[in-house]
Amino acid sequence: MNELFSLYEQLLKHYGKQNWWPADNREEVIIGAILTQNTNWSNVIRALDNLKQENLCTLNKLSQQPAETIAPLIKSAGYYNVKAARLKNIAEQLKDWSPENLPIQEARAFLLNLKGIGNETADSILLYAYQIPVFVIDAYTVRLLGRVKRVPTDNRYEYYQNYFMDGLPLDHSLYNEYHALIVKHCKAFCRVKPICRDCPLNKSCISKILE
DNA sequence: GTCCAGGGCCTAC
DNA sequence: GTAGGCCATGGA
């Protein structure tokens, strides 16, 4: 088994299953994916709760609301004016959209064409809302891999994504869990330098596995 | 008071 | 093509 899968197994053994994405249904995953941009998840939960309380936590309902109505409800998630306008538009575009029968790249391109959806959010939606096997690269993953693999600054997202997807089987549940485990691990041990200080994986730490 | 969080867009060089 | 500014709240 290759080093990437070995790393996955160690993270899983240490942290257990993360059961992402924490949401009740597909539409809530999509809404949460927009709300969580550059924002702590605990702040997103409040915003989602507010939307649920107003019975607005569906794409159809959000698409029918003026952004001015949405904004105060999602204030806790930060950037609320920007996110309110984007949510409304994205809800309108995605409420009747289904990517299941599309080539992955086509589905991805459709999402990337929407204002407010970049690489990470597009892949999060494909993976966590639709169970389509794309590996999500986020700031944590970049930070982690950046310490052990030198890469060109351009196309960095693609480079890292290919790195994972070339080394792993095409499996949405594996990508789901792996990404969540990386976030879990980095939150605890890869926030600050020095690298992986007090890392519980110790001798089998990520830096040593991937170097 | 400062830093960071499950980003992305836009503008100026 | 890319660096920098901007959007903004809440917890540590």
Which of residues 87-97 of chain A have a heavy atom under 4.0 Å from DNA chain B?
-> none

Is any side-chain nitrogen or oxygen of R46(A) closer than 4.0 Å to OP1 or OP2 of dG11(C)?
-> yes

Between F110(A) and W97(A), how do the two ring planes meet: parallel, tilted or perpendicular, split at 30° and 60°?
-> parallel

Any salt bridge between K52(A) and E28(A), counting N to O under 4.0 Å?
-> yes

Among dG6(B), dC7(C), dG10(C), the one nearest any side-chain atom of K187(A) is dG6(B)

Whichever of Y79(A) and S42(A) has its nearest DNA chain C nucleotide further upstream toward 5' = Y79(A)

Is there a donor-acceptor pair closer than 3.5 Å between any side-chain N or O of K88(A) and the backbone N or O of Q65(A)?
-> yes

So which nucleotide from dA8(C), dT9(C), dG6(B) ends up closest to the side chain of N81(A)?
-> dA8(C)

Between I34(A) and K83(A), what is the shortest heavy-atom contact and its length?
-> O-CE, 3.7 Å

Which letter, B, S or -, goes with each nucleotide of nucleotides 8-13 of chain B from 5' to 3', with contact meaning a protein heavy atom under 4.0 Å?
-> SSS---

Hey, are N40(A) and S42(A) close enough side-chain-wise for a donor-acceptor pair under 3.5 Å?
-> yes

Y157(A) and D123(A): side-chain donor and acceptor closer than 3.5 Å?
-> yes

Under 6.0 Å from the NZ atom of K95(A), do we count more than 12 heavy atoms belonging to anything else shown?
-> yes

Report yes or no: is the ring centroid of W41(A) under 5.5 Å from the six-membered base ring centroid of dG6(B), with the two planes under 30 degrees?
-> yes

Report yes if the side chains of Y160(A) and D138(A) come closer than 4.5 Å at any heavy-atom pair, otherwise no.
-> no

Taking only the side-chain heavy atoms of A139(A) (C-beta and beyond), determine which of dG6(B), dG10(C), dG7(B) contains the nearest atom.
-> dG7(B)

